[in-house]
Participant: 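Just dropping this structure here.
Just follow the structure's listing: the first ligand is 1, and inside any ligand the first atom is 1. Computation of the quantities below employed the complete heavy-atom set of this structure, encompassing side-chain atoms and omitting hydrogens, waters and symmetry-equivalent molecules.
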Amino acid sequence: MEENLKEKLFNKKEVGWKDISTREKEAIYSFSKNYIDFLNKSKIEREAVCTAKKLAEENGFKDLSTFETLKEGDKVYFINRDKSMYLAVIGSEKLENGIQIVGSHIDSPRLDLKPNPLYEDSGFAYFKTHYYGGIKKYQWTTIPLSIHGVIVKTSGEKINVNIGEDENDPIFVITDLLPHLAQDQMEKKLKNGIDGEDLNILLGSIPYENEKEADAVKLNILNILNQKYDITEADLLSSELEVVPAFKARSLGFDASMVAGYGQDDKICAYTSLSAILSLEHVKTTAVCILSDKEEIGSMGNTGMESHMFDYFVSELLNKTGENRPNLLDKVFCFSKMLSADVDAGFDPIYASVSDRTNAAFLGRGVGLNKYTGARGKSGASDANAEFVAWVRNVLEKNNIKYQISELGKVDVGGGGTIAYILANKGVDVIDCGVPVLSMHAPYEVTSKYDIYMAYKTYKAFWEA
Ligand code: MN
Ligand code: MN
């Protein structure tokens with residue numbers, strides 16, 4: 001009797017793997033295989049845009065600029081400066097009644113090269129870096145690194161750089177002190193163990209031909225770069241070169257139940273939402289997918305979510321569907337719904353003390369929602385309204401999707417944020433909804449394949465609701 005009452009009244013938090021069919025398990029594994037492939041091709045935002053564009057076109061999406069007018073069922077994309085992207089499937093309802101947005105980000109913590117990166121010291125050539133986003137600096141030494149990005153010459157010619165990923169490419173590394181001589185370093189606080197100014201990438205050690213003058217190793221590197229890319233040192237001034245881990249994303253565990261890979265924050269939500277919008281056919285409410293840039297450093301700049309580029313995109317949809325009239329954009333946002341698709345901190349038993357078990361997200365228990373984020377008394381949080389949370393719960397439960405609603409860590413331990421507040425400020429109903437991650441922001445992050453698939457199903461169900 002009492003068991004039945006428990007069954008009826010308790011919010012069951014179950015491991016997703018427990019009651020899935022063989023067919024669903026196969027779907028989870030094959031979806032994750034494609035996700036791993038996406039991660040390996042898309043380590044930086046520009047590459048993610050490139051991969052996403054290719055996938056979009058293969059699935060019948062076309063550049064918004066090629067449309068004179070838009071009608072129900074049209075599938076469009078818009079690329080902003082090669083670094084962020086919006087996609088839409090036009091619904092049968094008017095846009096003025098609201099749109100349904102899933103928004104993720106495709107930038108990840110990394111090391112950017114400084115504007116004047118190249119120098120030589122004691123027979124070694126190095127690139128200086130300035131880290132991007134919240135990293136634990138000690139994690140970036142003594143791991144294989146690759147260099148990705150662009151160099152733009154004054155002529156406007158753009159050179160794509162991707163070195164360290166191919167098996168035949170060299171890789172790069174940041175050295176660390178041997179333990180034998182690290183007595184002082186080991187006494188330091190962890191956050192001071194490696195200095196930001198010491199995150200220098202080792203590039204080479206051969207001096208140019210018979211040069212005995214200073215900087216012969218640097219000269220040799222520049223000569224190699226000149227032969228390979230036809231650039232001079234000054235061309236590095238107008239480059240965006242990003243140093244990321246060179247290792248590949250892989251299946252993790254004897255049971256292959258997890259994915260280990262760089263940049264899963266937030267390419268995991270980017271890929272799952274992208275896959276979901278590509279699978280849509282007819283929708284009632286217009287579906288919009290955002291792949292944004294610069295989230296890790298505050299969403300500023302014209303490729304970040306704070307920019308008006310997204311407003312411009314929605315205005316263009318209004319213009320091309322023939323609906324537009326003065327101030328209509330404000331109305332669209334006030335009647336819209338959004339899932340802010342970003343990763344959540346997964347409960348890690350090794351670091352259990354930072355989490356409240358009752359309110360933590362667990363790997364393998366489905367998509368993770370945060371009603372609010374923020375820190376120390378919800379400061380800076382976008383707190384989803386209970387009415388909207390109930391609407392989202394209904395969508396999930398109707399579609400048998402496992403979900404968990406959690407907080408990011410214990411009260412007063414820390415906190416975080418996503419792009420949720422930016423859209424909420426425009427009037428959109430927003431809730432954070434993504435995949436729980438272990439070792440977030442580390443060079444190798446861990447997720448559960450079960451949750452990846454649930455995220456995909458969630459975004460699809462949201463757009464079809
Ligand atoms: Mn994120
Ligand atoms: Mn992040």
Side-chain angles (χ1 to χ4, degrees), residues 35 38-39 42-45 47-49 52 83-85 101-112 131-137 139-140 242-245 249 259-274 289-301 303-306 338-346 348 351 354 361 363 367-375 380-382 384 406-409 413-424 430-448 451-452 455 458-459:
Y35 166 56
F38 176 84
L39 279 182
S42 322
K43 288 198 174 173
I44 64 165
E45 60 284 354
E47 292 168 352
V49 164
K83 292 159 78 171
S84 66
M85 184 171 179
I101 308 165
V102 179
S104 63
H105 65 92
I106 47 177
D107 60 315
S108 300
R110 61 180 188 249
L111 309 175
D112 285 345
Y131 64 94
Y132 172 99
I135 64 163
K136 292 164 100 173
K137 288 165 221 157
Q139 294 176 332
W140 290 74
E242 306 175 10
V243 180
V244 299
V259 173
Y262 164 73
Q264 297 202 71
D265 174 7
D266 184 32
K267 288 173 201 88
I268 195 164
C269 297
Y271 181 74
T272 47
S273 59
L274 176 69
C289 178
I290 297 173
L291 308 177
S292 67
D293 181 31
K294 293 287 179 286
E295 193 277 343
E296 295 295 355
I297 56 167
S299 296
M300 303 302 176
T303 59
M305 206 59 226
E306 294 272 15
M338 178 187 186
L339 299 180
S340 174
D342 206 343
V343 296
D344 192 7
D348 187 337
Y351 303 100
V354 300
L363 264 67
V367 73
L369 292 98
N370 291 142
K371 186 174 179 297
Y372 50 84
T373 52
S382 163
S406 59
E407 284 200 20
L408 197 148
V413 167
T418 68
I419 61 170
Y421 74 94
I422 302 164
L423 278 293
V430 189
I431 186 165
D432 280 297
C433 177
V435 179
V437 176
L438 302 185
S439 308
M440 196 196 293
H441 284 201
Y444 225 35
E445 301 171 314
V446 174
T447 57
S448 162
D451 305 332
I452 296 169
T458 298
Y459 303 142

Participant: Excluding sequence neighbours, so at least two apart, what forms side chain to side chain donor-acceptor pair (under 3.5 Å) with Asp432?
Facilitator: Ser340, Thr418
Participant: Checking Ser406 now: which residues fulfil side chain to side chain donor-acceptor pair (under 3.5 Å) with it, not counting sequence neighbours?
Facilitator: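 Counting only residues at least two positions away or on another chain, Ser406 forms a side chain to side chain donor-acceptor pair (under 3.5 Å) with Asp344, Asn370.
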Participant: At a cut-off of 2.8 Å, list the protein N/O/S atoms near the Mn ion (ligand 1), residue plus atom name.
Facilitator: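 The answer, once waters are left aside, is His105 NE2, Asp265 OD1, Asp342 OD1, Asp342 OD2.
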Participant: Tell me if a side-chain donor or acceptor on Gln264 pairs with a main-chain N or O of Val259 at a distance below 3.5 Å.
Facilitator: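 Pair found, side chain donor or acceptor close to backbone of Val259.
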Participant: Can you tell me if Glu445 uses its side chain to pair, donor with acceptor, with the backbone of His441 under 3.5 Å?
Facilitator: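 A pair under 3.5 Å: yes.
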Participant: Ring pair (Phe, Tyr, Trp, His ring centres under 6.0 Å) with Tyr421: which residues, sequence neighbours excluded?
Facilitator: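 Tyr421: no ring pair (Phe, Tyr, Trp, His ring centres under 6.0 Å) contacts found.
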Participant: For the backbone of Asp265 and the side chain of Ser108, can you confirm whether one donor and one acceptor N or O come within less than 3.5 Å of each other?
Facilitator: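 Answer holds: yes.
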